Amino acid sequence: MKKVLITGAAGFLGSHLCDRFIKEGFFVIGMDNFITGDRKNINHLKDHPNFQFIEHDITEFINFDGELDYILHFASPASPIDYLKIPIQTLKVGSLGTHNLLGLARAKKARLLIASTSEVYGDPLVHPQTEGYYGNVNTIGPRGVYDEAKRFQESITMAYHRFHGVETRIVRIFNTYGPRMRLNDGRVIPAFMGQALRGEDLTIFGDGMQTRSFCYVDDQVEGIFKLLFSDYSSPVNIGNPNEITIKDFAEEIIKLTKTNQKVIYRELPIDDPLQRQPDITLAKKLLNWEPKTSRELGMKITFNYFQELSDEELYKSEHKDFTNYIKK
Ligand code: UDP
């Protein structure tokens, strides 16, 4: 049985990856320190014979006895408000954490796939974003801690690949959504859905003309799975090119949730990218992959998930004072 270590296992993407690899017949070792992850995302795996969980902060040395075939590095805060709240941890997990995992991959002769991001393109001057675009990132802005950690992560991964011959894969993930996102993590889909469920107005940042392209989690996981088993070590974009303005998206959410909420406008956070759309030509060609789930279906499934959360979760406000974080 092949063994895979998944960091960030209690997070949104990490937990879906645990499920997928178990389904595919792997032995999965999940690792998380719960800084942004949640035990409930992996609770259903607790007693599974092919699942083991280790609570550990990967910015510290990782002791692991036994063999490993694959490592998937999905540990990181992933919401702009998290970066502002825990900036040092965000930098450390992308840099020191990745370094530790590369060392582990080298020692175990395991293949390592790292989760990179569309944020490496910053506020892009090229549209849609191809893997060849070097990006437009403000190193010292509030998002810089995430963007630069992820850029460093790509660099050190390529260095270990070239210098030490470690087998590596790099996925550049574009906005992905689905069940198990944190309702109050501040990102736009949980934010709008939480607001709709609580009967609050939907907060659009800026004029709402900024765009994003949202990928359903199952499509994302499929792309990552295929990339891991490809023989391509340079970065690959995985996302859904179906682009929408945040303003139109708010209208879609109001229709979907059948609420009568208004939208209200807030200041656009500093360095908030104005447009984002993945060019997935490479993934299509290389992996024979493209997203299959319509936004309509994906959002319906996601809304059902949020609807079933308890009132305690619904009203828990992790980022109650988030407007303080986004002030210029
Ligand atoms: N956004 C918004 N209202 C919210 C939360 C986010 O208008 O309550 C906007 C945000 O300014 C950004 C987009 O939605 O332009 C996507 O934000 P998110 O935090 O989900 O992720 P990002 O793609 O910026 O990393």
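Model, not experiment: these values are computed from the prediction. Both ligands and their constituent atoms are indexed starting at 1 by order of listing.
- The contact set between ligand 1 and Gly186, taken as ligand atoms under 4.0 Å from a residue heavy atom, comprises 5 (C).
- For the salt bridge (charged side-chain N to carboxylate O under 4.0 Å, His left out) test, no residue two or more places apart in sequence or in another chain qualifies with Arg106.
- Residue Asn175 holds the heavy atom nearest to atom 21 (O) of ligand 1 of all those in Asn175, Ile204, Ile264, Thr203.
- For Gly208, the closest heavy-atom approach to ligand 1 does not fall below 4.0 Å.
- Within 6.0 Å of the OH atom in Tyr265, the count of heavy atoms belonging to other residues, nucleotides or ligands exceeds 12.
- Nearest to atom 6 (C) of ligand 1 by heavy atom, out of Thr245, Asp82, Val188, is Val188.
- If you number the atoms of ligand 1 from 1 as listed, the ones under 4.0 Å from a heavy atom of Pro80 come out as 19 (O), 25 (O).
- Judged purely by distance below 3.5 Å, without hydrogens or angles, the side chains of His44 and Asp19 pair a donor atom with an acceptor atom.
- The heavy atom nearest to atom 24 (O) of ligand 1, out of those in Arg143, Arg276, Arg187, Glu119, is found in Arg143.
- Numbered from 1 in the order shown, with element, the atoms of ligand 1 that lie under 4.0 Å from a heavy atom of Ala191 read 8 (O).
- Pairs engaging residues 226-235 under the side chain to side chain donor-acceptor pair (under 3.5 Å) rule: His161-Ser233 [sequence neighbours left out].
- A side-chain donor-acceptor contact under 3.5 Å links Gln195 and Thr203.
- Between Phe205 and ligand 1, a contact under 3.5 Å exists for at least one N or O pair.
- Residue Phe192 places a heavy atom less than 4.0 Å from ligand 1.
- Numbered from 1 in the order shown, with element, the atoms of ligand 1 that lie under 4.0 Å from a heavy atom of Ile246 read 7 (O), 13 (C), 14 (O).
- Remark: Arg20 is positioned above the aromatic ring of Phe225, its terminal NZ or CZ atom under 6.0 angstrom from the ring centre and at most 45 degrees off the axis.
- In this structure, the side chain of Glu67 does not engage the main chain of Lys3 through any donor-acceptor pair within 3.5 Å.
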